[in-house]
Each structure stands twice: as C-alpha cells, then as structure tokens.
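Note that the numbering runs from 1 along the sequence shown for the chain. Note that the structure is a prediction, hence the values are computed from the model and not measured. The figures here come from the full heavy-atom set of this structure, side chains too, leaving out hydrogens, waters and symmetry mates.
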Amino acid sequence: MMTKVRLAGLGRIWFQRRMTLLGLTSDELAAEVKGQPGGGLAHKLYREAMREGRFDPEGAGLGPRAVEAWHSRYHLELLEVVRTHDEPAPDGRRTTKAVLRTHDGFEVECVRIPMGRDRWTLCLSSQVGCRLGCVFCETGKIGLVRHLDAAEIVAQVVTTRVKLAWPVQKIVFMGMGEPLDNAEAVVQALRVLHDPRGFALGQAQLTVCTAGHVEGLRRLSSLGWPRLNLSVSLNAAQDAKRDKLMPINRRVPLAELQAALIRFRPTERFIFAVNYCLLPGFNDGAEDVRAVADFCRPLGRCLVNVIPYNPGSRPLTRRPEEAEVEAFIADLKAEGLPVQRRRTKGQGVMAACGQLGNVRLRAHRQRLPVYDA
C-alpha cells in the first residue's frame with residue numbers, strides 16, 4: 001500500500017510502501033531503521049509484534065516524530081478468523097482447523113494438532129490453493145489462486161496465537177499448497193520463525209513437506225540448516241502410478257526426485273520422512289512395497305509414514321481398513337524399512353491430510369496451469 005506521509009519536522013513529503021513487520025527478521029528490521037528516529041527500539045517492537053501481535057511505537061515512549069516515522073513505514077496485519085472447526089476427542093485434546101481470511105478476501109486453512117501431553121503442532125498453508133493437482137488432495141482441486149507472502153505465512157502463527165490462544169511447539173508446512181512452489185516466501189518465513197527475538201523455534205521444530213519440487217529443494221538447501229526436517233510425499237514408487245496420482249511426476253520422475261534428495265542430504269545422520277498415502281486397491285500391492293523399498297534405500301536414513309487415505313469431497317476410493325494398513329506396514333518392515341503409521345486426526349472436520357481447502361474457490365481462481373508440463 002502506498003502511503004503519503006509528511007514526517008514531522010522534516011519539511012517535505014516522503015512516498016514509501018508500508019511493510020508488515022511479520023515478513024522480516026529482527027536483524028533485517030534493525031538494519032532498515034538504523035539511524036532513523038526511534039530505530040534503537042527495533043528489537044523491542046519486533047519482539048512485541050511477533051509474540052504479542054502488537055505494534056505500539058507510542059507505548060514504547062517514542063516522541064511524535066519517531067512514532068509517525070514508524071507508522072509511515074511499517075504496520076502489523078493479522079488475518080481475520082472466519083471460523084474454527086473442532087474434532088471431538090475423548091481426552092479433550094481436539095484437532096482444530098482455523099479458516100483465516102487474507103486482506104484480499106481469500107481463505108486459507110491451518111490446523112492445530114495435539115502431539116502428546118501439552119505439545120501442539122501447527123500445520124501452515126503456503127498458498128491459496130495449489131497448482132500441483134494431486135488427485136487425492138482437496139487443495140489440488142482448487143488450482144492455484146495465488147502464493148502467500150512470508151508475512152501472510154507468519155501471520156497464521158501470530159493470528160492463532162493472539163486471537164485463538166494457540167501456543168504451539170512445532171510448525172509443519174503441510175497445509176494448503178506446495179511449499180517449495182513458493183520457495184522464496186517459505187524460506188523467508190522459516191528465517192522469521194527461527195529468529196531468537198521472535199518465536200525462537202529451533203530447526204528441529206520446523207518441517208517442510210514437498211511433493212518433489214527439485215528447484216525448491218535447491219533453494220531450501222541454501223539455508224544451510226542441517227537440522228531442518230524435510231518430508232517428501234511419495235504415495236507411489238512406480239512412475240506409471242505416481243503419474244496418475246501426482247502430475248508433478250510427469251516433469252520430475254522418481255529417479256530425478258531420488259537423485260535430488262540424495263544431493264539435499266545435509267548430514268549422514270539426517271532422516272528423510274517419506275509420506276505414503278495408502279489407497280486400497282491402487283498402491284498397496286506387493287510390487288508397491290518392493291518399489292518403495294527400492295526408492296528409499298539409496299536415500300540413507302529415512303522413515304516411511306503410512307497415512308490411510310482420507311476421502312474428500314470426491315473420493316477416489318474407500319478408506320483402507322485397519323487390517324490392510326497393518327499388513328502394508330508389516331510388508332515394508334520386512335523389506336528393512338523403518339515405518340510408522342500416521343494416526344489420522346481431524347478427518348471429521350476436513351482437517352486431515354489431503355482435506356484442506358474450500359473447493360468453491362475454483363469459481364474465482366485465476367487461470368493458472370496445473371504443474372504437468
């Protein structure tokens with residue numbers, strides 16, 4: 001937003017674009033205002049903005065000239081909470097989906113997930129919609145409306161903390177959108193979330209999930225964070241099957257994805273999370289088990305997360321039965337793979353894996369291509 005401002009005592013008009021504090025690290029903010037009126041309080045104002053959702057130069061004891069300078073350049077923009085959906089749980093620790101509205105009227109969704117006693121994970125969105133078009137995913141049915149910028153990604157954390165009182169200990173980029181299709185904004189958001197003067201989340205408390213965006217993997221690797229978690233949506237380990245499920249595979253086939261992951265590995269001790277959505281009758285056969293093992297072995301240390309399919313608005317198939325899930329897990333273990341079953345949380349309120357996104361957005365989205373070149 002362009003703002004016309006006359007700074008007190010300067011005798012001339014300055015034209016500048018107001019920036020939201022939520023898209024900056026504390027050092028970036030301090031560098032921008034160094035030597036400016038009130039610049040010495042940058043770290044204090046930053047901490048209040050991130051942790052309390054408050055931007056109050058007046059309350060910091062600054063004079064009128066400094067206050068006007070701050071407000072002319074920066075603002076704090078949270079998202080509107082449209083509604084929340086709670087999934088009941090016997091222990092009271094409910095999975096909750098929040099539908100949030102951006103400044104231009106689009107909705108994004110994030111989910112708070114219980115992860116043990118007094119521990120919570122927040123699942124963030126990186127785009128409004130998604131252009132990858134994975135057929136089992138509700139978000140993919142929307143298509144890409146637009147990317148979220150770093151401030152809007154971080155605003156999901158601040159908004160749910162301030163307006164919904166959601167304290168969280170971990171962040172996962174597994175909500176709406178392909179995070180590495182919006183790599184620049186996601187990398188900047190990671191830097192902000194890691195900032196010790198803000199949320200101070202450690203690398204190991206942050207996870208990025210990708211469908212296999214090779215260029216995005218290179219950009220993520222440039223962070224140089226050896227403990228940042230990376231999760232890969234595999235879902236089929238044969239090209240013919242993965243082509244049908246995930247159009248990105250037509251551009252980045254499995255051999256290329258495997259090679260990119262091997263290059264990405266930051267340390268020998270790094271563990272890849274390999275997510276596998278189990279669709280009964282499609283990707284749960286003996287040949288699928290062998291293919292998953294062949295894909296994973298060259299990666300080094302990895303953990304396969306088996307996720308029972310969560311039907312959306314237009315189901316591809318039925319949800320697998322418990323016996324089918326357990327049999328598939330047993331077969332993977334017999335191949336020597338570390339495996340865990342991902343317990344479904346939020347299915348009752350369309351908050352589980354593959355269920356996020358209001359498909360009515362399709363009527364309003366821009367005409368942007370599916371990632372199938």
Side-chain angles (χ1 to χ4, degrees), residues 22-25 27-28 108 110 121-128 130-132 134 137 139-140 144 146-154 156-157 170-196 198-235 246 248-249 251-275 295-296 298-305 353 371:
L22 300 184
L24 301 171
T25 66
D27 286 342
E28 287 169 343
V108 295
C110 61
T121 291
L122 186 62
C123 180
L124 297 184
S125 293
S126 55
Q127 297 175 313
V128 183
C130 181
R131 71 176 177 135
L132 298 199
C134 299
C137 179
T139 312
L144 179 61
R146 70 170 178 85
H147 297 308
L148 297 179
D149 62 30
E152 291 171 317
I153 294 170
V154 174
Q156 295 170 68
V157 185
K170 290 187 177 183
I171 298 290
V172 294
F173 284 81
M174 297 183 186
M176 296 172 63
E178 160 61 48
L180 297 187
D181 197 32
N182 187 19
E184 291 301 319
V186 167
V187 166
Q188 178 64 9
L190 287 168
R191 295 174 67 240
V192 173
L193 294 168
H194 184 56
D195 193 303
F199 300 103
L201 292 168
Q203 295 176 25
Q205 295 171 282
L206 300 165
T207 299
V208 175
C209 184
T210 180
H213 198 295
V214 172
E215 289 301 320
L217 283 170
R218 293 192 185 103
R219 179 64 184 92
L220 190 64
S221 182
S222 70
L223 266 175
W225 288 7
R227 299 188 66 201
L228 175 69
N229 297 302
L230 180 68
S231 180
V232 181
S233 291
L234 183 61
N235 307 314
M246 305 175 69
I248 191 173
N249 199 74
R251 178 168 177 170
V252 184
L254 287 162
E256 186 176 343
L257 173 58
Q258 186 185 65
L261 294 173
I262 292 171
R263 289 193 301 269
F264 178 88
R265 173 177 289 283
T267 68
E268 288 300 315
R269 297 181 59 82
F270 184 83
I271 300 175
F272 286 108
V274 178
N275 297 334
F295 180 85
C296 290
L299 301 182
R301 302 180 70 187
C302 64
L303 174 66
V304 180
N305 294 309
C353 290
Y371 198 65

Peer 1: Does the side chain of Ser233 come within less than 4.5 Å of Cys209's, by heavy atoms?
Peer 2: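 Counting from C-beta outward, Cys209 and Ser233 do come under 4.5 Å.
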Peer 1: Tell me every residue that passes side-chain contact (heavy atoms from CB on, under 4.5 Å) with Cys302, counting only those two or more places apart in sequence or in another chain.
Peer 2: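 If we apply the side-chain contact (heavy atoms from CB on, under 4.5 Å) test to Cys302, skipping adjacent residues, the hits are Phe272, Val274, Cys296.
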Peer 1: Could you grab the distance from atom CG of Leu193 to atom CG of Leu124, nearest 0.5 Å is fine?
Peer 2: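 So the CG of Leu193 and the CG of Leu124 are separated by 7.0 Å.
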Peer 1: Whether the side chain of Arg191 engages the backbone of Thr25 through a donor-acceptor N/O pair (distance < 3.5 Å, no angle test) should be reported.
Peer 2: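 It does not hold such a pair.
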Peer 1: Taking all heavy atoms of Leu24 and all of Gln188, pick out the closest pair and write down the distance.
Peer 2: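 Scanning both residues completely, I find the closest heavy atoms to be CA-NE2, 4.0 Å.
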Peer 1: Checking side-chain contact (heavy atoms from CB on, under 4.5 Å) for the pair Val232/Leu257: CA distance, chi angles, key distance, verdict?
Peer 2: CA-CA 10 Å; Val232 181; Leu257 173 58; 4.3 Å; yes
Peer 1: Partners of Arg301 by salt bridge (Lys or Arg N to Asp or Glu O under 4.0 Å), sequence neighbours excluded?
Peer 2: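 Expected list: none.
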Peer 1: Which side chain to side chain donor-acceptor pair (under 3.5 Å) pairs, counting each pair once, include a residue from residues 201-211, with sequence neighbours left out?
Peer 2: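 Qualifying pairs: Glu178-Thr210, Thr207-Asn229.
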Peer 1: Rounded to the nearest 0.5 Å, what separation is found between the CG atom of Asp181 and the OG atom of Ser126?
Peer 2: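 That separation rounds to 8.0 Å.
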Peer 1: In Å, rounded to the nearest 0.5 Å, how long is the span from CD of Gln156 to CG of Leu22?
Peer 2: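 Answer rounded to 0.5 Å: 11.5 Å.
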Peer 1: Exactly one of Val157, Leu190, Ile171 should register a side-chain contact (heavy atoms from CB on, under 4.5 Å) with Leu201. Which one does?
Peer 2: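 Exactly one pass, corresponding to Ile171.
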Peer 1: Kindly give the heavy-atom pair with the smallest separation between Leu228 and Phe270, and that separation in Å.
Peer 2: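 Closest approach of Leu228 to Phe270: O-CE1, 3.1 Å.
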Peer 1: Do you know which two heavy atoms are closest between Leu148 and Ala185, and how far apart they sit?
Peer 2: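 That would be O-CB, 3.5 Å.
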Peer 1: How long is the straight-line distance from CG of Leu220 back to CD of Glu215, given to the nearest 0.5 Å?
Peer 2: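 Result: 13.0 Å between the selected atoms.
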Peer 1: Taking all non-hydrogen atoms of both residues, which atom of Phe199 and which atom of Val154 are closest, and how far apart?
Peer 2: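 Residues Phe199 and Val154, closest heavy atoms: CE1-CG1, 3.8 Å.
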Peer 1: Using side-chain contact (heavy atoms from CB on, under 4.5 Å), reason through Cys110 and Leu122 one step at a time and then give a plain yes or no.
Peer 2: CA-CA 7 Å; Cys110 61; Leu122 186 62; 4.3 Å; yes
Peer 1: Write down the atom of Met246, the atom of Ala211, and the distance for their closest heavy-atom approach.
Peer 2: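 The pair with the smallest heavy-atom distance is CE-CB, 3.5 Å.
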Peer 1: Quick one: does Arg263's side chain get under 4.5 Å of Val214's, heavy atoms only?
Peer 2: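 Touching, per the 4.5 Å side-chain cut-off.
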Peer 1: Just verifying a value: how many Å separate Asn182 CG and Ser125 OG, rounded to the nearest 0.5 Å?
Peer 2: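 Spacing of CG (Asn182) from OG (Ser125) equals 11.5 Å.
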Peer 1: Over all heavy atoms of both residues, which pair between Met176 and Val108 is shortest? Give the atoms and the distance, please.
Peer 2: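 Residues Met176 and Val108, closest heavy atoms: SD-CA, 3.8 Å.
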Peer 1: Do you see a donor-acceptor pair shorter than 3.5 Å between the side chains of Ser222 and Arg219?
Peer 2: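 Yes, side-chain donor-acceptor contact under 3.5 Å.
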Peer 1: Let me confirm one number: the CG-CG distance from Leu261 to Leu217, rounded to the nearest 0.5 Å.
Peer 2: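 Separation between the atoms: 6.0 Å.
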Peer 1: Is there a side-chain contact between Asp195 and Asp27, using heavy atoms and a 4.5 Å cut-off?
Peer 2: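 Not in contact.
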Peer 1: Say whether, by atom type as modelled, one donor and one acceptor occur between the side chain of His147 and the main chain of Gln127 under 3.5 angstrom.
Peer 2: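 No.
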